[in-house]
Amino acid sequence: MSCEHASTTTVLWAYGELDDDAHALHVASCPACSAALEALEAAERGVAPVVGALGLEVAPVVEGGAAERARRRAPWGLLALAAALVATLGTALYATRPHADPTEAPQAVAVHVEPAPAPLPAWPDPAALDDELDALELELDSLRSDPSLL
Amino acid sequence: MPLPRTPMDHPVEHRLRESIAPLQGELLGFLRRRRPQDAEELAQEVWLRVTAADAPEEPAALRAYVFTVARRLLIDRHRRSRTIGTLVALDGGRAAETTSGGADPHGQAVATEVLEVVERCLADMKPELAQVFRWRTTTDLSFQQIAERQGCSLNTALGRQHQAARRIAAALDEAGLSGRTR
């Protein structure tokens with residue numbers, strides 16, 4: 001007793017995600033699909049009184065889940081945080097740097113040209129962005145709480 | 001002046017009405033064992049769907065079709081009524097108030113037993129099977145959305161629900177908690 005539809009189309013149809021009267025006729029005449037439908041109904045009926053308790057065990061995946069957050073987060077958030085980090089570091093370094101005496105004559109300095117930066121890598125996938133953003137947030141927090149790190 | 005014809009005046013549908021009449025008692029009993037609170041309403045809906053569809057005429061095939069339609073409606077009804085249940089504490093543990101029995105101690109005891117069986121069964125499954133079952137049972141995620149979240153094909157997600165439901169139905173049956181008899 002086996003049918004290729006028992007674990008696919010019949011499940012979809014049973015949960016109302018496929019409206020097809022022809023499939024109802026098939027299920028009615030197919031022992032494997034009838035058994036699958038019976039098991040689905042028995043399981044749904046069995047858990048119906050306790051579904052609230054089952055729900056407590058489920059990780060919040062519909063809204064606010066990690067994957068969903070990563071999908072919703074725009075890359076601009078990462079850029080803004082990176083800019084804030086750079087600005088914080090820059091301000092702190094400028095504040096701690098010894099200032100030149102304006103009365104002294106200017107000295108000749110060697111011009112140092114930085115080599116062109118390497119091309120940016122391809123945009124990472126949302127999960128990697130999420131991890132990177134979390135790491136930056138942690139780093140920013142530690143800088144805020146301990147200025148001596150600057 | 002002749003009366004306007006109604007759909008039930010059609011000879012084929014008249015024959016269908018005669019064919020389903022003997023099944024009415026059996027169907028109502030079947031539904032009352034599963035959802036006593038709205039069995040009559042469900043029976044009406046089954047007949048409406050059967051008469052509106054291209055149902056088979058042969059008695060055995062018609063009977064199978066009627067119960068197939070009924071089971072599908074039951075799944076939908078179980079799912080729609082799931083939010084009615086509310087959690088209540090029982091002897092320091094957790095239990096669920098049954099949708100039919102309210103807060104009576106027997107209903108709570110049965111719900112606690114069911115919960116234990118289901119949780120044990122889910123814990124024994126492969127995590128991806130249990131996850132599909134939990135998501136489909138406790139959220140409004142479609143199978144397509146579940147497949148996307150799991151990074152698998154739609155058919156794989158459907159197959160996982162099938163496997164999980166079979167195991168849970170069998171576990172409830174083994175524990176004497178399913179009432180699967182027709």
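Letters go in sequence order (proteins before strands), and every chain restarts at 1.
No salt bridge links A:Glu44 with B:Arg77; every basic N to acidic carboxylate O contact stays at or beyond 4.0 Å.
Within a 6.0 Å sphere centred on CG of B:Asp54, other residues, nucleotides and ligands contribute 12 heavy atoms or fewer. Taking a 6.0 Å sphere around CD of B:Gln44, one finds it holds 12 or fewer heavy atoms contributed by other residues, nucleotides or ligands. Taking a 6.0 Å sphere around CD of B:Glu174, one finds it holds 12 or fewer heavy atoms contributed by other residues, nucleotides or ligands.
Residues passing the side-chain hydrogen bond (donor to acceptor under 3.5 Å, both in side chains) test with B:Arg167: none are found, sequence neighbours excluded.
Nearest heavy-atom pair, B:Ala64 versus A:Ala28, reported as atom, atom and distance to 0.1 Å: CB-O, 3.3 Å. Of all non-hydrogen atoms in B:Tyr65 and A:Ala24, the two that sit nearest each other are CE1-CB, 3.7 Å. Between A:Leu25 and B:Pro56, the shortest heavy-atom distance links the atoms CD2-CD, 3.4 Å. B:Ala169 and A:Ala43 make their closest contact through CB-N, 4.3 Å (heavy atoms, listed as atom of the first residue, atom of the second, distance).
The OH atom of A:Tyr15 lies 12.0 Å from the CZ atom of B:Arg72; values are rounded to the nearest 0.5 Å. In this structure, OG1 on A:Thr9 lies 7.0 Å from CG on B:Asn155, to the nearest 0.5 angstrom. Note that CD of B:Gln161 is 6.5 Å distant from CG of A:Leu40, once rounded to the nearest 0.5 Å. Atoms OG1 and CD, from B:Thr68 and A:Glu41 in turn, are 11.5 Å apart once rounded to the nearest 0.5 Å.
Annotation: side chain of A:Ser7 is not in contact with side chain of B:Leu158 (no heavy-atom distance under 4.5 Å). Inter-residue side-chain proximity for A:Val47 and B:Val114 is flagged as unmet; no heavy-atom pair is nearer than 4.5 Å.
Sorted by first then second residue, the ring pair (Phe, Tyr, Trp, His ring centres under 6.0 Å) pairs that include residues 156-175 of chain B, not counting sequence neighbours, number zero.
Tracing side-chain contacts under 4.5 Å through hydrophobic residues (I, L, V, M, F, W, Y), one reaches A:Leu18 starting from A:Val27; they form part of the same cluster. No continuous path of hydrophobic side-chain contacts links B:Leu28 to B:Val50 [ILVMFWY only; heavy atoms under 4.5 Å].
Proximity to chain B (any heavy atom under 4.5 Å) is shown, for A:Thr8, by both the backbone and the side chain.
Side chain of A:Arg45 to main chain of B:Arg34: no donor-acceptor pair is present (N/O by atom type, distance under 3.5 Å, no hydrogens or angles).
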Test salt bridge (charged side-chain N to carboxylate O under 4.0 Å, His left out) on A:Glu38 and B:Arg166 and set out the steps.
CA-CA 9 Å; A:Glu38 190 177 341; B:Arg166 276 181 56 191; over 6 Å; no
